Amino acid sequence: MFDLNSLNPQQRAAVVHKKGSLLLLAGAGSGKTRVITCRIAHLLHNGVPSRQILAVTFTNKAAREMRERVDEMVGRNGAKGMMIATFHSLCLRILKAHIDRLGFKKNFSIYATSDQQRLIRELLRDSGAESSSKAADQILWRISSAKNHLITADKYQANLRDPLSTLVAAIYPRYQQSLKAYNAVDFDDLLVFAVLLLEQHPDLLDHYCDRFQYQMVDEYQDTNPVQYRLLRLLASSHGNLCVVGDDDQSIYAFRGADVANILDFEKDFPGTNVIKLEQNYRSSGNILAAANAVIKNNLQRREKALWTDRGEGKKVEYRLCEDGEDEARQAMEQIHIEKYRDTRSYGDFAILYRTNSQSRAFEEQLRYENIPYVLIGGQQFFDRKEIKDVIAYLKVIQNPADEVNLLRVLNYPKRGIGTGSIDHIIRFSADEEKSLWNILQRVEQVPQVQERTAAACTDFVELIKRYQKRFRQPLRLLETLQELIAELKLADEIYRQEKDRQVAQRRVENQEELFNSMSIYLERTPEPDLAGFLERVSIFDDAPGSNDKESKLNADAVTLMSLHSSKGLEFPVVFLAGLEEGFLPHKNSLADTTAIDEERRLCYVGITRAQQQLFILGARQRRKYGKLDQREPSRFLGEIPEGLLFHASSDKPPEASEEEKATSASNFFANMNKMFDD
């Protein structure tokens, strides 16, 4: 059991609070995760049944870590029955139990982005509109935004001044109808449908309010309108809602997050107890003072100021470089100095930037200097074509009514079912008002389909049915997956399609990595089945294998990442690159006060990632379309008091303390001895 005396007064007050709504304003590095887990342990210790506790996070990684910490405090059995989940996984559980009330079958599929794109493109072609990937993405973005604001297809209104909205108004209802016909939902539907169930069925609302008597929500500043509505419903009968967040770190408006949710919490939940966590356990005093000086210029915020008892530390160092290449060179030079002077590892350094395009110069310089690095970002594992192909087969085996994935694999690998024949089958399906799966099982009745093509379709149907039986054996899921990939000869197909053999080999190895993902699922799941694995693939955005961010961050290498990706992380030494007008704040935000506020929050997040040393970088000029473009220092740099800044380009280095001098000398000679020993 944890010791309440190990917490500071504000943390302790948050932990022992029990009844009513609680707003915990947790500044960067203030130990909020510890407070949440201690609060859960305290509730359990004081007799609250574990099944009455709900903790909601935004990522599966955060949920896993929270579960592990609680188990360490109270034991695995003590927390048994408690639900720690993401918004999407919580809603998935609700839908799996009750979605039949909305007219769906309980074995529904979850459409990933590529499935949605394929369906939207089909609907666009049917309507005679442009069906490019770009057009599909634009429409999907509009539909997703509408759902995040709880605007259903029947309520969506076109704007006469916006031609795209007119097209969305036409496609959105058909998109939802098609999903229902295929017994499928998309990610946004998970939240929207859960809200609809609770709003339309009072008995369900009573059940879940009674089930979850004590609710905690992490990163509340990142919630969107539909998530906000879900939380209000679940807490409607008892009001025991504890939300933890920091409006100063609300940086995901582009995903639909609404900072007003945390700013207006007391208005929405009268009688709220507000506790501020302002003691920072991460950064030195000068870094925090710089962060406070920047963020206080946002007017729409909750007043708070981070502080630490760890001393002032080094000044924030600003380097005005000649151009982007010089910016990268100076960063590498400083990494060498810091590494050998202070015996740091490469994993102690992070280079943060506003846009991913800024990474190029740093990557080139890191390679030139032979410094190991990891780049956080890029294509997710389960978004790769070779993986999507296998998952599509599994989804069809699980749910043959899933026509988007059925059409994806019907002639992949090629089995002699051409596009013309598929078109005839689709038209016959529409005329008969039957599913494609139904028609494929009697394809010989389709007039225009030749005998050889019909035989290929029959073989496909038999393959799916055969593997439906095999996948019903939970102890053989891994072996069955291996047999499926081998029988389909997907590796041969990849080598046939890919001209570059090395690229083909990597793609084949990716498919082999899918076996590891299945193996991990089997090890961690008491009652595994194919449906559970597919749910894991669809909803576990950061499961092992689908996102290697965690393993990358544990490597002894310099980390390159965007400011958006850096939230929640910390590094001993941080380089905040490109602090210029047009980069940070971004050029798209310059005319919008609200957008500038979010850019300032991004800057604040970047500053507070640093534990011991922060370097701010900027350039006098940068290349744009091959020509040098003059740059202007960011307004946020001007908000940092001069007393906190050391200008490396003009000033002498600040005098180190005697203790720092002694430590640096000791480290220097230790490194020299190690070099001679090696």
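Because the structure is a prediction, the values reported are computed rather than measured.
- Ring orientation note: the planes of Y318 and H647 are nearly perpendicular, at an angle over 60° on the 30°/60° scale.
- No side-chain heavy atom of D248 sits less than 4.5 Å from a side-chain heavy atom of N298.
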Given salt bridge (Lys or Arg N to Asp or Glu O under 4.0 Å), test E599 with K587 step by step and report yes or no.
CA-CA 10 Å; E599 293 292 303; K587 60 183 179 182; over 6 Å; no
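- Within 6.0 Å of atom CH2 in W307, more than 12 heavy atoms from other residues, nucleotides or ligands are found, so the atom counts as buried in its surroundings.
- Salt bridge K276/E303: absent, no basic N to carboxylate O contact under 4.0 Å.
- R631 has its side chain out of reach of L320: every pair of non-hydrogen atoms, C-beta onward, lies at least 4.5 Å apart.
- Aromatic ring centroids of F571 and F349 lie 6.0 Å or more apart.
- No donor-acceptor pair under 3.5 Å is formed between the side chain of R142 and the backbone N or O of Q138.
- Using a 3.5 Å distance cut-off with no hydrogens or angles, the side chains of T355 and Q358 do pair a donor with an acceptor.
- Counting only distance, with no hydrogens or angles, the side chain of Q511 and the backbone of E386 share a donor-acceptor pair below 3.5 Å.
- Panel note: side chain D556, backbone G347; a donor-acceptor pair is recorded below 3.5 Å.
- Side-chain contact between I391 and L514: present, with at least one pair of heavy atoms (C-beta onward) separated by less than 4.5 Å.
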Carefully, step by step, assess I335 and M332 under the rule side-chain contact (heavy atoms from CB on, under 4.5 Å).
CA-CA 5 Å; I335 287 174; M332 297 313 109; 4.2 Å; yes
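- A donor and an acceptor atom, one from each side chain of Y281 and N8, are located under 3.5 Å apart.
- The pair K315-E642 does not count as a salt bridge, with every side-chain nitrogen at least 4.0 angstrom from each carboxylate oxygen.
- For Q300, the CD atom is loosely surrounded, since the number of other residues' heavy atoms within 6.0 Å does not exceed 12.
- Within the 4.5 Å cutoff, the side chain of L560 has heavy atoms near those of the Y353 side chain.
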Show your reasoning for whether side-chain contact (heavy atoms from CB on, under 4.5 Å) applies to E312 and N286.
CA-CA 5 Å; E312 290 185 352; N286 282 329; 3.9 Å; yes
Evaluate the side-chain contact (heavy atoms from CB on, under 4.5 Å) criterion for residues V226 and K147: first the C-alpha distance (whole Å), next the side-chain angles of each, then the deciding distance (0.1 Å), finally the verdict.
CA-CA 8 Å; V226 68; K147 290 181 179 181; over 6 Å; no
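- Between R344 and Q612, some side-chain heavy-atom pair lies under the 4.5 Å cut-off.
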Checking Q630 against Q621 for the side-chain contact (heavy atoms from CB on, under 4.5 Å) test, could you report, in this order, the C-alpha distance in whole Å, the side-chain angles of both residues, the deciding distance, and whether it holds?
CA-CA 4 Å; Q630 296 300 312; Q621 55 189 3; 3.1 Å; yes
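- Under the 3.5 Å distance criterion, with hydrogens and angles disregarded, a donor-acceptor pair is assigned to the side chains of Y373 and E363.
- Counting only distance, with no hydrogens or angles, the side chain of R601 and the backbone of I251 share no donor-acceptor pair below 3.5 Å.
- Below 30°, between 30° and 60°, or above 60°: for F254 and Y252 the angle between ring planes is above 60°, a perpendicular geometry.
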Please evaluate residues F265 and Y220 with respect to the criterion ring-ring contact (aromatic ring centres under 6.0 Å, His included), reporting the C-alpha separation (whole Å), side-chain torsions for both, the decisive distance (0.1 Å), and the verdict.
CA-CA 10 Å; F265 188 80; Y220 185 70; 5.5 Å; yes
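- Side chains of R302 and Q221: a donor-acceptor N/O pair is absent below 3.5 angstrom, by distance only.
- In this structure, K61 pairs ionically with E65, as a charged nitrogen and a carboxylate oxygen lie closer than 4.0 Å.
- N297 places a side-chain N or O within 3.5 Å of a backbone atom of V294 that can act as its donor or acceptor partner.
- Of the N and O atoms on the side chains of S6 and R34, at least one donor lies less than 3.5 Å from an acceptor on the other residue.
- Contact annotation: the side chain of L375 approaches that of S359 to within less than 4.5 Å [non-hydrogen atoms, C-beta and beyond].
- Residues R319 and E333 are in side-chain contact: their nearest non-hydrogen atoms beyond the backbone lie under 4.5 Å apart.
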